[in-house]
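Beneath this line is the structure, given in structure tokens, with notes to follow.
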Amino acid sequence: MNEAVQTSSEFAPRVFSGIQPSGGLTLGNYLGAMKRFVDTQNTGVQSIYCMVDQHAITVWQDPDKLRRATYELCAGYIASGLDPEKSILFNQSQVPEHAQLGWVFNCVARMGWMQRMTQWKDKAGKNQQNASLGLFAYPALMAADILVYHATHVPVGEDQKQHVELTRDIAAKFNHDYGVDFFPIAEPVIEGAATRVMSLRDGTKKMSKSDPSDASRINMTDDADTIAKKIRKAKTDPDALPSEAKGLEDRPEARNLVNIYAALAETSVDAVLAEVGGKQFSEFKPILSELAVSKLAPISTEMARLMEDTTEIDKILARGAEQARAIAQPILKETYKIVGMVGA
Ligand code: AQP
């Protein structure tokens with residue numbers, strides 16, 4: 001057995017998460033994922049962050065747009081505060097061990113598990129026969145993304161909870177089927193005021209980069225005027241803001257805007273309402289816009305600077321892939337040995 005591979009249930013803490021380069025980054029990706037990745041990195045725990053381009057192609061992507069979105073996502077990570085000296089930052093397809101372990105997990109996961117996935121039902125919709133096989137199998141690849149590093153903690157938004165639970169099921173079934181204690185049972189880490197940022201047009205729908213309506217989301221690359229306009233036009237109700245969180249129940253749009261404010265200001269919903277309770281949306285929206293612009297403008301300016309010359313990003317990704325492979329290769333090799341593959 002390779003000395004570097006940990007096989008006990010006492011796994012050292014290690015964080016993994018990823019974002020798809022399937023379009024421009026949204027405020028949902030920033031608050032639900034990216035900002036929290038930076039906070040985690042700064043606690044000193046070993047952190048591994050990825051651009052999951054192989055997930056993106058489960059739905060057809062224009063190749064030039066995919067390349068650009070991958071660079072832009074990497075620029076977004078760095079501009080948000082991810083430091084390639086502190087975290088491992090890389091692109092999934094540059095580390096083939098993800099797809100290799102993904103195949104093993106395709107043989108562990110059950111069809112019924114995949115059929116229950118909410119994201120499969122949402123994305124394939126009524127057109128399941130025409131959806132790609134990759135879209136169906138995506139959660140097994142996501143399990144491989146996490147477990148090829150023996151990651152123990154996965155910071156994600158609320159929408160990804162089910163996928164991390166499936167990762168736990170796959171790890172447990174693999175360990176059981178082969179009589180080993182090889183893969184950790186990873187924990188989803190879903191915390192903060194914005195674990196589920198909702199559409200600005202419909203407070204019951206997730207803010208998403210693939211929503212056909214650009215007005216439904218704030219993009220990380222939107223300029224100040226666009227952000228202000230989108231917030232001004234955001235759907236609300238006619239009542240004033242309440243003074244306590246309980247008053248946001250059954251008011252999804254109001255709750256969403258207050259959650260966004262709290263997450264951007266790094267405070268609690270109660271603290272926000274203590275300040276703005278009683279105000280009309282006509283007063284609250286400009287305050288929210290100002291805060292959003294002050295937080296996002298420096299990030300989008302830095303993203304634009306990084307995008308001017310992508311050779312720097314290429315270097316960061318090449319080094320990140322090398323660091324990632326140094327961890328993933330022995331874990332894959334050991335997996336192959338466990339399942340009985342000759343030559344491993
Ligand atoms: N609205 C959101 N609120 C909180 N967190 C969110 N995340 C995404 N949207 C929100 C979190 O961002 C991370 C990366 O997600 P992803 O881009 O890989 O996939 P996704 O969840 O499917 O995001 P989108 O924007 O809806 O992408 P498309 O439209 O391509 O499917 C995850 O941690 C996710 O929870």
Side-chain angles (χ1 to χ4, degrees), residues 15-40 47-62 65-66 69-70 72-74 76-77 80 82 91-92 98 117-125 131-132 134-135 138-139 141-143 145-146 151 153-167 186-214 216-221 230 234 252-253 255-257 259-264:
V15 170
F16 173 89
S17 202
I19 299 182
Q20 297 185 64
S22 50
L25 283 164
T26 70
L27 183 67
N29 296 131
Y30 176 64
L31 293 177
M34 218 162 231
K35 183 173 182 304
R36 295 175 45 233
F37 299 171
V38 176
D39 295 342
T40 306
S47 305
I48 305 173
Y49 298 115
C50 184
M51 280 129 269
V52 284
D53 56 350
Q54 287 165 311
H55 288 289
I57 61 163
T58 57
V59 174
W60 190 82
Q61 304 287 332
D62 176 278
K65 285 191 184 150
L66 176 63
T70 306
E72 205 169 83
L73 176 51
C74 188
Y77 271 125
S80 301
L82 271 193
N91 187 33
Q92 186 186 30
H98 289 237
M117 290 287 121
T118 313
Q119 207 168 70
W120 158 250
K121 290 189 217 159
D122 288 350
K123 288 200 172 170
S132 74
L135 188 65
Y138 157 110
L141 179 59
M142 180 165 158
D145 298 335
I146 296 165
H153 294 85
V154 190
V156 280
E158 181 67 41
D159 61 309
Q160 290 293 332
K161 186 172 178 214
Q162 198 187 22
H163 285 151
V164 184
E165 281 163 359
L166 185 106
T167 299
E187 292 282 341
V189 185
I190 301 169
E191 52 194 27
T195 56
R196 193 167 170 82
V197 178
M198 308 310 272
S199 158
L200 298 179
R201 311 301 299 165
D202 176 353
T204 62
K205 236 172 93 183
K206 188 184 87 150
M207 182 182 284
S208 173
K209 46 177 128 69
S210 58
D211 191 313
S213 161
D214 191 58
S216 70
R217 62 179 161 260
I218 292 173
N219 302 301
M220 301 271 292
T221 48
K230 285 178 177 175
E253 283 82 18
R255 190 175 56 224
N256 188 36
L257 295 188
N259 282 350
I260 291 175
Y261 189 97
L264 285 169

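Counting starts at 1 for both ligands and their atoms, following the listed order. Starting from 1, each residue takes its place in the sequence as its number.
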Under 4.0 Å between a side-chain nitrogen and a carboxylate oxygen: does that hold for Lys206 and Asp211?
no

Please round to the nearest 0.5 Å and tell me the distance separating atom OG1 of Thr40 and atom CG of Leu82.
9.5 Å

For His163 and Tyr138, I'd like to know if the aromatic rings sit close, meaning centre-to-centre distance below 6.0 Å.
yes

Where the side chain of Ser216 meets the backbone of Ser213, is there a donor-acceptor pair that is under 3.5 Å apart?
yes

Between ligand 1 and the protein, which N/O pairs fall short of 3.5 Å?
unit_1: ligand 1; atom_1: 1 (N); unit_2: Val197; atom_2: O; d: 2.8
unit_1: ligand 1; atom_1: 1 (N); unit_2: Met207; atom_2: O; d: 2.9
unit_1: ligand 1; atom_1: 3 (N); unit_2: Val197; atom_2: N; d: 2.8
unit_1: ligand 1; atom_1: 5 (N); unit_2: Gly28; atom_2: O; d: 3.3
unit_1: ligand 1; atom_1: 12 (O); unit_2: Asn29; atom_2: ND2; d: 3.2
unit_1: ligand 1; atom_1: 17 (O); unit_2: Lys209; atom_2: NZ; d: 2.2
unit_1: ligand 1; atom_1: 18 (O); unit_2: Gln20; atom_2: N; d: 3.0
unit_1: ligand 1; atom_1: 19 (O); unit_2: Gln20; atom_2: NE2; d: 3.4
unit_1: ligand 1; atom_1: 21 (O); unit_2: Asp159; atom_2: OD2; d: 2.5
unit_1: ligand 1; atom_1: 21 (O); unit_2: Gln160; atom_2: NE2; d: 3.3
unit_1: ligand 1; atom_1: 21 (O); unit_2: Lys206; atom_2: NZ; d: 3.0
unit_1: ligand 1; atom_1: 23 (O); unit_2: Lys206; atom_2: NZ; d: 3.4
unit_1: ligand 1; atom_1: 25 (O); unit_2: Lys209; atom_2: N; d: 3.0
unit_1: ligand 1; atom_1: 26 (O); unit_2: Lys206; atom_2: NZ; d: 2.8
unit_1: ligand 1; atom_1: 26 (O); unit_2: Ser208; atom_2: OG; d: 2.8
unit_1: ligand 1; atom_1: 27 (O); unit_2: Lys209; atom_2: NZ; d: 3.2
unit_1: ligand 1; atom_1: 29 (O); unit_2: Ser208; atom_2: OG; d: 2.8
unit_1: ligand 1; atom_1: 29 (O); unit_2: Ser210; atom_2: N; d: 3.0
unit_1: ligand 1; atom_1: 29 (O); unit_2: Ser210; atom_2: OG; d: 2.4
unit_1: ligand 1; atom_1: 30 (O); unit_2: Ser22; atom_2: OG; d: 2.7
unit_1: ligand 1; atom_1: 31 (O); unit_2: Lys123; atom_2: NZ; d: 2.5
unit_1: ligand 1; atom_1: 33 (O); unit_2: Gly157; atom_2: N; d: 3.2
unit_1: ligand 1; atom_1: 35 (O); unit_2: Gly157; atom_2: N; d: 2.8
unit_1: ligand 1; atom_1: 35 (O); unit_2: Asp159; atom_2: OD1; d: 2.6

Which pairs, with at least one residue in residues 28-38 and sequence neighbours excluded, count as a salt bridge (Lys or Arg N to Asp or Glu O under 4.0 Å)?
Lys35-Glu266

Cys50 side chain reached by Asp145 side chain, heavy atoms, under 4.5 Å:
no

